[in-house]
Amino acid sequence: MVVVKPLFSSLISDAEGYVYTIRFKLIPLESDVILPPFTSKLVKQLVLTHPCFSQVRGLYESKPSFKPVTFRVLRNGSRRLYARKGGSILVARAGEVLLGEVVAFSRKPDLDLTPFSECNSRVKLQPLTSSFLLDVAHVTLENVSTLTLNMESSQIARLTLHTPALLSTKLMTPPNLRVSKLVRSLEDLYRLTITPAYICSDAARLWLALVKDVNPAQSPTPYYVGRACDITIGEVDAQLKPETVIYGGEDGKIRRIRGVVGYITLKILTPRITQTVDKLLALTTKLGLGKSRSIGFGEVEIKPQGTQGKLKNTT
């Protein structure tokens, strides 16, 4: 029998690790440029080739899966720049300011922040014709033990997906069925609606892999955390929709990937899980939710909405 409270509290106990957030500007200099359909590819290329990001590159290459680095899509103001099915080509005008962000997790606070102050330079990103001005604007360091969404004073929180989340339909497979022939033979699809179970389970997988340095595929914890969230967290509002994005793979082929965007408003029904859920979700706001979060899918924003009485999700 799984006891919920010890399960949740043990998950976040003895948390070790640090989150680095690097925000920068990219400005096309000579001419307008056509951007790749999923602009996190430019951010990734920048980090993997520019000398001042060498420490982040080392972190990215340190793990074959559950990458400790997330390359977010570029933004123009608050608008995320990625191509939707049926949408127009992405163009950046000469002199237009594009906002970029890289988030990295390290188990020790050993990244030297000095090189980032020396990053400002003219850079060339293939296969684009124009050079860019790189301007690193801000670098922050946070201890995971202090990460919080301040949900302990709020029962209600709105989770917004700014880029499509890719949550596998197999995510909530019971542990004893994971290696079954039936499950392995099923087609891999992504959910076009999301529930507290899938949100919490994936957040627990990320926490285990990075903060606890445990292979989540060999742990039953994400499944039980997900099941517990499904009965202790309710949905009181939602506006979710499927969205197909255009993504260019490493082989140059164009792929269409379908995920879910929008928002879901959640109500925590018992204070016993609040501290753990707060920690798990706080990490997802930094590093993302779901598959391919390291390349900018599943960018999450979560805002507490205060408290309410016995709000019913029916009309």
Side-chain angles (χ1 to χ4, degrees), residues 20-54 56-57 60 69-104 113 115-140 160-165 241 243-250 252 254-257 259 261-263 285-288 292-301 303:
Y20 296 83
T21 303
I22 306 153
R23 298 183 177 92
F24 56 89
K25 300 175 184 177
L26 279 177
I27 305 172
L29 294 176
E30 296 93 2
S31 62
D32 299 351
V33 292
I34 297 176
L35 300 172
F38 212 75
T39 56
S40 61
K41 292 191 70 176
L42 288 182
V43 178
K44 181 178 179 181
Q45 181 187 153
L46 175 68
V47 171
L48 297 186
T49 58
H50 198 288
C52 78
F53 289 99
S54 60
V56 179
R57 181 166 63 250
Y60 177 76
V69 177
T70 292
F71 311 104
R72 291 188 171 173
V73 296
L74 293 171
R75 291 185 290 117
N76 182 341
S78 61
R79 176 175 166 247
R80 272 72 180 174
L81 298 176
Y82 61 93
R84 285 84 166 170
K85 182 181 178 181
S88 57
I89 294 173
L90 299 176
V91 177
R93 305 297 179 189
E96 184 176 17
V97 177
L98 305 178
L99 304 176
E101 190 169 315
V102 179
V103 185
L113 302 185
F116 296 114
S117 64
E118 304 167 354
C119 275
N120 300 349
S121 60
R122 193 184 188 105
V123 297
K124 194 75 172 156
L125 297 171
Q126 299 298 330
L128 305 185
T129 54
S130 176
S131 297
F132 288 79
L133 175 64
L134 168 64
D135 179 9
V136 174
H138 196 54
V139 181
T140 60
T160 302
L161 294 166
H162 290 297
T163 59
K241 66 175 182 178
E243 184 173 72
T244 301
V245 304
I246 310 301
Y247 182 81
E250 300 296 333
I254 297 297
R255 294 178 173 82
R256 291 170 175 79
I257 301 176
V261 294
Y263 71 82
T285 64
K286 303 296 182 180
L287 290 161
S292 299
R293 52 150 193 91
S294 69
I295 54 172
F297 285 91
E299 183 184 336
V300 175
E301 179 182 13
K303 291 184 177 180

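Contact check for Leu99 versus Lys25: side-chain heavy atoms found under the 4.5 Å cut-off. For the pair Val123/Leu26, a side-chain contact is recorded, criterion being any heavy-atom separation below 4.5 Å from C-beta on. Contact of the Pro164 side chain with the Ile257 side chain is not registered, since no non-hydrogen atoms from C-beta on lie closer than 4.5 Å. Tyr247 is listed as a side-chain neighbour of Ile295, based on a closest heavy-atom distance under 4.5 Å. Between Val300 and Leu161, the closest side-chain pair of non-hydrogen atoms falls below 4.5 Å. Put simply, the side chain of Arg293 reaches to within 4.5 Å of the side chain of Thr70, judged on heavy atoms.
Two rings, from Phe24 and Phe116, have their centers 6.0 Å or more apart.
No more than 12 heavy-atom neighbours from other residues, nucleotides or ligands sit within 6.0 angstrom of CZ on Arg256. Around CD1 of Ile34, the count of heavy atoms belonging to other residues, nucleotides or ligands within 6.0 Å does not exceed 12.
The two atoms that bring Ile246 and Pro37 nearest to each other are O-CB, 3.3 Å, heavy atoms only. The two residues Leu90 and Ala83 come nearest to each other via the heavy atoms CD1-N, 3.8 Å.
Side chain of Ser130 to backbone of Leu29: a donor-acceptor contact under 3.5 angstrom is found. Judged by distance alone, with hydrogens and angles left aside, the side-chain atoms of Asn76 form no donor-acceptor pair with the main-chain N or O of Leu98 at under 3.5 Å. At distances below 3.5 Å, at least one donor-acceptor pair connects side-chain atoms of Arg57 with backbone N or O atoms of Val47. In this structure, the side chain of Thr163 engages the main chain of Glu299 through a donor-acceptor pair within 3.5 Å. Checking side-chain atoms of Glu101 against main-chain N and O of Thr21 turns up no donor-acceptor pair under 3.5 Å.
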task: Under the side chain to side chain contact (heavy atoms under 4.5 Å, CB included) rule, what do Thr39 and Val73 come out as? Steps first, then yes or no, please.
output: CA-CA 5 Å; Thr39 56; Val73 296; 3.5 Å; yes

task: Using the side chain to side chain contact (heavy atoms under 4.5 Å, CB included) rule, take Val102 and Leu46 through it: C-alpha gap first, then chi angles, then the decisive distance, then the call.
output: CA-CA 10 Å; Val102 179; Leu46 175 68; over 6 Å; no

task: Show your working on side chain to side chain contact (heavy atoms under 4.5 Å, CB included) between Val261 and Lys241 and close with a plain yes or no.
output: CA-CA 6 Å; Val261 294; Lys241 66 175 182 178; 3.7 Å; yes

- request: Apply the test side chain to side chain contact (heavy atoms under 4.5 Å, CB included) to residues Val33 and Phe132: give CA-CA distance (whole Å), side-chain angles for both, the deciding distance (0.1 Å), then the verdict.
  value: CA-CA 10 Å; Val33 292; Phe132 288 79; 4.0 Å; yes

